[in-house]
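Worksheet: the structure to be examined is printed underneath.
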Protein chains: 2
Amino acid sequence: MTDDLRSAGAPTLEDVARAAGVSRATVSRVVNGVRNVDPAIQEVVRQAVSVTGYAPNRAARSLVTRRTDAVALVVSGAGVEAGADGEGPGPASGEDGSFTAQVFADPFFGRVVTGVVNYLRPRGMHPVLMFAETSRARDEVVAYLRQGSADGALIVSTHAEDPLPGLLTEAGLAAVLYARPARPVLISYVDLAHQDGARLAAEHLLARGCRRIATISGPLDVPAGQARLAGFRDTMARHGHPYTPIAEGRFTQESGEAAMERLLAEHPDLDGVFAANDLMAMGACHVLREHGRRVPDDVAVVGFDDSSAALACRPPLTTVRQPVEGMAAEMTRLLLDRLARPDSPATSVIFEPELVVRGSA
Amino acid sequence: MTDDLRSAGAPTLEDVARAAGVSRATVSRVVNGVRNVDPAIQEVVRQAVSVTGYAPNRAARSLVTRRTDAVALVVSGAGVEAGADGEGPGPASGEDGSFTAQVFADPFFGRVVTGVVNYLRPRGMHPVLMFAETSRARDEVVAYLRQGSADGALIVSTHAEDPLPGLLTEAGLAAVLYARPARPVLISYVDLAHQDGARLAAEHLLARGCRRIATISGPLDVPAGQARLAGFRDTMARHGHPYTPIAEGRFTQESGEAAMERLLAEHPDLDGVFAANDLMAMGACHVLREHGRRVPDDVAVVGFDDSSAALACRPPLTTVRQPVEGMAAEMTRLLLDRLARPDSPATSVIFEPELVVRGSA
DNA sequence: CTGAAAGCGCTAACAC
DNA sequence: GTGTTAGCGCTTTCAG
């Protein structure tokens, strides 16, 4: 008669306690691995746990611990172009899903997810995926965190002037960014030394003997785009090339193709190209080949990121490696650190890029 | 003296009630949009909410509603090959992150995420990302759900014989699959009519005049790989081609390249290739070009999925479209349906593929 | 080392 | 239409 009185609902601590003949508190201690419990009793409790099939209720636990063991992984973007889906007069940058689709078109985000998950998982934590491309969506992210649905946020911004970091810190919520915020907010972040990366690319092209070098930059309203361009230009200037042709892309393969077309039209004799990411570099290679230029013999191409696109390309891309997974893991570490010590100061960690030489340059 | 007594901690229902001069219950009603509340009072409460900056505590709410508004989005795989990372004698298919990295190397998963998020988001729900490539990881997913950390699970299996669906239904947990389970489990799922898709590809190649057609199949231990091959073979046989060369790939570009090399070595005169996904088709195109074959003039190539790789390829791939985002959305709808009516029967929805003609065939 | 008891913040009967 | 109240299942002092 001590059994089977709990036919409905999942077993609770109470049930286990009864089955083990101890108090709820003791069961709780055993379940949470708190010391100071008689080994013999521990064993009895463990038995009872497995007999009853007990699983602690996360909500009840969260209610008292004030922790959820979840973190929000949010992809944030300020302005998305109107979707070219032709589905009627929808909002120009609305929540029609074009943003979420675009995000994953770039192999970059998958790598971030990989890095985050690999750090979180061994610690029993999980990422909740969120997108914050509109002001409404941003408010929802803030609300989500304020409700205590997640312990903190990992922010990957696709555009500068993203208001989200500000909103978050203002609300006293724990957050860490991938990439330095445009306006200095007191918040931790990881970033890459983009300028150094661009320098590596420029020097490689120069060392290779290229003399008429152009660049396909990233969007100039995103910090990474600016920094890579700046690093490239500075290096070129320092080596006696104060004027280098530039075509702005949007980090997509398509925009890379268009940029390459423009470059080729204006400078048919170029012999080297630095693209600010691999997707654009790949687009450039396609266009070059279509125009009868051999890569790297006629035109050398260097990409950036060392994403999966670099190996997918023919020839495989010489590129500047951004250790995305490692950076994402570090970003996660910074967040968990902050959660453990809420008033630890904001920290930033800058990673150094590395040149990876393959076939394209 | 009615104010500022709550300097510490977030404001609770109690605080709002006090500020509005009503009871907790009333505040709860207006916050949750329950009818039967005097409009005037509603207004007063809303004021109080915004004055206090109240945000409902999700844990407390979940504790009583038994809902979290989160669903687990789990990528499940049975056997992953040993990582080729050369980092010492690690476990052959361990939790070293190689699985998570592989998963996002394919544009497929990003599309699934997109579809899921776009369905979930307007409903105030969010996906928690999980991976279940080892038996340990699978147990964690089950435990996660049993703790009530998420209301249900969306499963994307990368291999057949995945034990997860069985574990889940056995535990009475709500789950829906992307792709039919290998062994018939009583569980809802969405899937594509893979055979029809393969038929479309074969017929297109045939109609185009190709007579020496080979195929690069997917891994034969995954249902989609089998079905696409079966559909292709049947159609070829029906059109008088009982024997078509086959090379097995693993749905990666690299494996597609290797398969194409083999095919070309044995059948130098082939004039058409059906690859079971776009990544492999892209690899095939590269290899064909390296061997001096023009696509589509010398050899026509048809892919499968209509992923981003199809457009990234030169020439753009003629392919069989799998409406991944729509299928993922439907999968999500099925899950929420199930959550709303727990004893609704298991349902399956099969989507029809569509041929998309571009440059490669 | 173990038990008793006080909540965590919210929803949902149930009274009024 | 609104307030009272009883928990939801857990952790955590505080006694013993």
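The basis for the numbers below is simple: all heavy atoms, side chains too, and nothing from hydrogens, waters or symmetry mates. Owing to the predicted nature of the structure, the values given are computational and were not obtained by experimental measurement. Just so it is clear: chains get the letters A, B, ... in the order the sequence lines come, proteins before strands, and each one is counted from 1.
- Remark: C1' of C:dC10 and CG of B:Asp15 are 13 Å apart, rounded to the nearest angstrom.
- Residue B:Asp69 is tested with B:Arg58, B:Arg123, B:Arg61 for a salt bridge (charged side-chain N to carboxylate O under 4.0 Å, His left out); the sole match is B:Arg58.
- Distance from the side chain of B:Leu63 is smallest to D:dC8 among C:dC10, D:dC8, C:dC8.
- Put simply, CZ on B:Arg24 is 11 Å from P on C:dG9, counting in whole angstrom units.
- Across C:dC8, C:dG3, C:dT11, the shortest atom-to-atom separation from the side chain of B:Thr65 is found for C:dT11.
- When the side-chain nitrogen and oxygen atoms of B:Asn57 are compared with OP1 and OP2 of C:dC10, none of them lie within a distance under 4.0 Å.
- Rounded to an integer number of Å, the gap from B:Arg61 CZ to D:dG9 P is 18 Å.
- Contact annotation: B:Arg66 side-chain N/O to D:dG9 OP1/OP2 distance is under 4.0 Å.
- In this entry the distance linking CD1 of B:Ile41 with C1' of D:dT2 reads 7 Å, nearest Å.
- Taking for each of A:Val37 and B:Tyr54 the nucleotide of DNA chain C with the nearest heavy atom, the 5'-most of the two is the partner of A:Val37.
- Between the side chain of B:Arg29 and the base of D:dG3 there is at least one donor-acceptor pair of N/O atoms closer than 3.5 Å.
- Ring-plane geometry between A:Phe99 and A:Phe131 is classed as perpendicular, the angle between the planes exceeding 60 degrees on a 0 to 90 degree scale with a lower cut at 30.
- Expressed to the nearest 0.5 Å, how far OH of B:Tyr54 lies from CZ of A:Arg146 amounts to 10.5 Å.
- Side-chain proximity of A:Asn36 to the nucleotides D:dT12, C:dG9, C:dC1 is greatest for C:dC1.
- When the ring pair (Phe, Tyr, Trp, His ring centres under 6.0 Å) test is applied to B:Tyr119, no partner is found at least two apart in sequence or on another chain.
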Before you tell me yes or no, could you show the steps for B:Ser76 and B:Asp162 under side-chain hydrogen bond (donor to acceptor under 3.5 Å, both in side chains), namely the whole-Å CA-CA distance, both residues' side-chain angles and the distance that decides it to 0.1 Å?
CA-CA 7 Å; B:Ser76 180; B:Asp162 182 356; 2.3 Å; yes
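- In this structure, B:Arg18 atom CZ and D:dG3 atom P are separated by 15 Å, rounded to whole Å.
- One finds no side-chain N or O of A:Thr26 lying less than 4.0 angstrom from the OP1 or OP2 phosphate oxygen of C:dT2.
- A:Arg58 places its CZ atom 12 Å from the P atom of D:dC10, with the value rounded to the nearest Å.
- You'll find that the side chain of A:Val22 is closest to C:dG3, out of D:dT4, C:dG3, D:dT2.
- The nearest whole Å value for the distance from the CZ atom in A:Arg35 to the P atom in D:dT11 is 17 Å.
- Distances shorter than 4.0 Å separate some side-chain N or O of A:Ser28 from OP1 or OP2 on D:dT11.
- Nearest-nucleotide positions on DNA chain D for A:Val31 and B:Gly21 put B:Gly21 closer to the 5' end.
- Remark: B:Ser23 is not in phosphate contact with D:dT4, judged by side-chain N or O atoms under 4.0 Å from OP1 or OP2.
- Between the CG atom of A:Asn32 and the P atom of D:dT12 there is a distance of 7 Å, given to the nearest Å.
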